[in-house]
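Notes follow once the structure below has been shown.
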Amino acid sequence: MEEIKQVPYGVSDFVTVRERNLYYVDKTMYLSLLEQQPDNLFYIRPRRFGKSLFISMLQAYYDKAMTDRFDSLFGGLWVHEHPTSLRGRYQMLYLDFSRVGGDIEQLSARFNDYCSLMLDDFMHTYRDDYPEETVKAFFETRQMADKLDLIRNSAVRLRIPLYLIIDEYDNFTNIVLNEKGEEVYHAITHASGFYRDVFKKFKGMFERIFMTGVSPVTLDDLTSGFNIGWHLSMNPKFDKMLGFSTEDVRAMLLYYKEVGMLPAESYVEAMLTEMKPWYDNYCFAKECLKQEARVFNCDMVLYYIRQYMDSGHSPERMVDPNTKTDYNKLKKLLQLDRLDGDRRGVIRRIVEEGQIITEVEESFPAKDLTNPNIFPSLLFYYGMLTIKGTYGSQLILCIPNNNVRKQYYEYLLEGYNEYSGIRISSLLTLFTRMSFDGQWREALQYIADAYKNLSSVRDSIEGERSIQGFFMVYLSLNDYYITAPELELSHGYCDFFLLPNLTHYQSKHSYIVELKYLPKKDFEAKAAEQWQQAVEQIDSYARAPRVEALRQGTQMHKIVMQFSGWDLMRMEEV
């Protein structure tokens, strides 16, 4: 009987995955496609999409030192039956720049030390291919540049093909940019800067190069030293090279149900339906919009499955706590001293409107991070926005899923809490009464009063979208409901549908909430007509065929709230 494949949560080494018989989603069919591309490639994806595992697979496949392990490592995978002509051809140099850190004054030395360490490992692996005098000179020098020159000279003379893989090529430069600002960053990437200098040495030395990162922020800064990279990130052929497809996730769930790791009564399609709003919906190429399938975040799917196995049901917290580190890294990038205040306005607009129309820049220099027009592109590469559609020559970018939406809300909460006067513990108690006792008025009034408190610092920003964004941020703290904004019902979109989270809580009440806004100058003349329209709208939403299934047997409440300026003028259940 075949050993059950364990969930590879947190494992990013291909050899480990295969040797320990962990579950592996086959991506080897992309190897032949990559070989048809130019020799020097950039591929940008958000964190936790399987970049490190993928390039670990590349290393195992192309490494001449691992040719005798091809059957054991790749048996049963696509490429085993369709090997390419370049299999096992190269001496592989692997560098992970996320491992370079420390004080800024020591950065050059640490970079040299790390690269020297990896080059030493390289030479230990392949020393039999080099003349003895080259090996001796190599280990006598401690300078990375000298080591590279020795390898390069011998490799050219002996016609040895080299392959370079760099993981998180942008990691430590982003850290420098965050912590020390543009001046220091400019020094290491321009003129005779050590980072720029090493890329000059890479150019022409390696037959093939594959580099990954989370943003293209340094590409423009390196172009004169390294101007041969081909950017694959928005190429439709490689949209799903990382991440999981719906079929990948379905196959994984079916496997674990069949081997008894998931409860026999679990329904795979229901699990997929639950996961999609939280982990799915990434699209990285506009040409893929016509395809219905989108891309899942790998780590979040594995988190869900691992939690389901342990508890017999879906996780109480659908967001993996480990993603907090991703949010903190993004937040640091948002707080660059030179970035102007418009970045907060961009984030608020995305939350309030649910999307932004813009262009995505394929690469941009560090100095352009001060340009608010570049900011949406940065959010796209970080996975905080995804492609939803096109508007002429521009792209419509939206928040991909609830996991990311929560990160936006956390960012806005930090700003709101300073002025709103809301005590989160008090609000959570009110949400409990709302869920189990149907006492909704106090909770919604509390949020409305807090919104009015913001008027002292946001006099120029008000309106229906502003109110919706504020309510959405605070309603998202409610564990008893999945708060669905702009849910389509009866050919319209209700502002909020509070879907009961019956998997974890036996809520007795569910809600449709409709928010209406009028400027103060128009309220007296138009309030009655607007209210009547709101009542008709919410009644129409409640009659939609989907509602009966969505409310799951709970008592449905239809709440209309009408604002004038910052003030809540009327709130009733209809």
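These values consider heavy atoms only, across backbone and side chains, with no hydrogens, waters or symmetry-generated copies. One is the number of the first residue; the rest follow in order along the sequence.
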If only atom types and distance count, is the side chain of Arg18 paired as donor or acceptor with the main-chain N or O of Gly75 below 3.5 Å?
yes
Polar side-chain atom of Thr386 near backbone of Pro400 as donor-acceptor pair, under 3.5 Å:
no
Could you check whether the rings of Tyr474 and Phe470 sit parallel, tilted or perpendicular, using 30° and 60° as the cut-offs?
tilted
Quick check: does any side chain N or O of Ser426 sit under 3.5 Å from a backbone N or O of Ile422, one acting as donor and the other as acceptor?
no
Please answer whether the main-chain N or O of Lys5 pairs with a side-chain N or O of Tyr255 as donor and acceptor at a distance below 3.5 Å.
yes
Polar side-chain atom of Thr273 near backbone of Glu269 as donor-acceptor pair, under 3.5 Å
yes
Polar side-chain atom of Asn401 near backbone of Asp280 as donor-acceptor pair, under 3.5 Å:
yes
Are Ile356 and Leu379 close enough that some pair of their side-chain heavy atoms sits under 4.5 Å apart?
no
Give a yes-or-no answer on whether the side chains of Glu572 and Trp531 include a donor-acceptor pair shorter than 3.5 Å.
no
Heavy-atom closest contact (Cys288 atom, Asp239 atom, distance)
SG-CB, 3.6 Å
Hey, does Val404 have a side-chain heavy atom less than 4.5 Å from the side chain of Tyr382?
no
Do the side chains of Lys558 and Asp539 get nearer than 4.5 Å, heavy atoms only?
yes
Looking only at heavy atoms, which two atoms of Met57 and Lys27 are closest? And how far apart?
CE-O, 4.0 Å
How are the rings of Tyr480 and Tyr505 set relative to one another: parallel (under 30°), tilted (30 to 60°) or perpendicular (over 60°)?
perpendicular
Sub-6.0 Å ring centroid separation between Phe42 and Tyr169:
yes
When the ring planes of Tyr511 and His557 are compared, do they come out parallel, tilted or perpendicular, using 30° and 60° as the limits?
parallel
With salt bridge (Lys or Arg N to Asp or Glu O under 4.0 Å) as the test, would you mind laying out the steps for Arg20 and Glu3 before giving the verdict?
CA-CA 10 Å; Arg20 291 174 51 192; Glu3 182 183 355; over 6 Å; no
Can Lys516 and Asp495 be counted as an ion pair, charged N to O under 4.0 angstrom?
no
Hey, are Arg306 and Asp310 close enough for a salt bridge, meaning a charged N less than 4.0 Å from a carboxylate O?
yes
Test item: Ser233 side-chain N/O and Arg45 main-chain N/O as donor-acceptor pair under 3.5 Å
no
Check against side chain to side chain contact (heavy atoms under 4.5 Å, CB included), Leu232 and Leu34
CA-CA 9 Å; Leu232 289 180; Leu34 287 173; 3.6 Å; yes
Got a donor-acceptor contact below 3.5 angstrom from the Gln537 side chain to the Cys494 backbone?
no
Looking only at side-chain N and O atoms, does Lys237 offer a donor or acceptor that is under 3.5 Å from a partner on Gln36?
no
Aromatic ring centroids of Tyr256 and Tyr23 under 6.0 Å?
yes
Any chance you could lay out the side chain to side chain contact (heavy atoms under 4.5 Å, CB included) test for Glu316 and Gln307, step after step, and finish with the verdict?
CA-CA 9 Å; Glu316 186 172 330; Gln307 291 286 320; over 6 Å; no
With a cut-off of 6.0 Å (strictly less than), are more than 12 heavy atoms of other residues, nucleotides or ligands near NZ of Lys286?
no
How far apart are the closest heavy atoms of Ser510 and Tyr481, and which atoms are they?
CA-CE2, 4.0 Å
What closest approach, in Å, do Gln506 and Phe436 show between heavy atoms, and which atom pair accounts for it?
O-CE2, 3.4 Å
Counting N and O atoms only, with roles assigned by atom type, does the side chain of Asp248 sit under 3.5 Å from a partner on the main chain of Ser245, one being a donor and the other an acceptor?
yes
Do you know the tightest heavy-atom contact between Tyr304 and Pro315?
CD1-CD, 3.5 Å
Would a distance-only check, ignoring hydrogens and angles, find a side-chain to backbone donor-acceptor pair under 3.5 Å from Arg48 to Cys298?
no
With a 4.5 Å cut-off on side-chain heavy atoms, are Val360 and Tyr381 touching?
yes
Taking atom CD of Glu442 as the centre, report whether more than 12 heavy atoms of other residues, nucleotides or ligands fall under 6.0 Å from it.
no
Phe14 and Tyr24: aromatic ring centres closer than 6.0 Å?
yes
Tightest non-hydrogen contact, residues Leu427 and Ala443, listed as CD1-O, 4.4 Å
Applying side chain to side chain contact (heavy atoms under 4.5 Å, CB included), run through Glu274 and Met318 and close with a yes or a no.
CA-CA 10 Å; Glu274 183 176 36; Met318 290 292 286; 3.9 Å; yes
Do Gln355 and Lys388 have a side chain donor and acceptor closer than 3.5 Å?
yes
Would you please classify the geometry between the Tyr282 ring and the Phe284 ring as parallel, tilted or perpendicular, with 30° and 60° separating the classes?
parallel
Are any of the side-chain heavy atoms of Phe244 and Leu302 separated by less than 4.5 Å?
yes
For side chain to side chain contact (heavy atoms under 4.5 Å, CB included), just list the numbers for Asn297 and Phe49, CA-CA rounded to whole Å, side-chain angles, deciding distance to a tenth of an Å, and then say yes or no.
CA-CA 6 Å; Asn297 177 303; Phe49 266 75; 3.8 Å; yes
Inspect the surroundings of CZ in Arg570 and state if more than 12 heavy atoms from other residues, nucleotides or ligands are less than 6.0 Å away.
yes
Should Phe497 and Val547 count as side-chain neighbours, where that means a heavy-atom distance under 4.5 Å?
yes
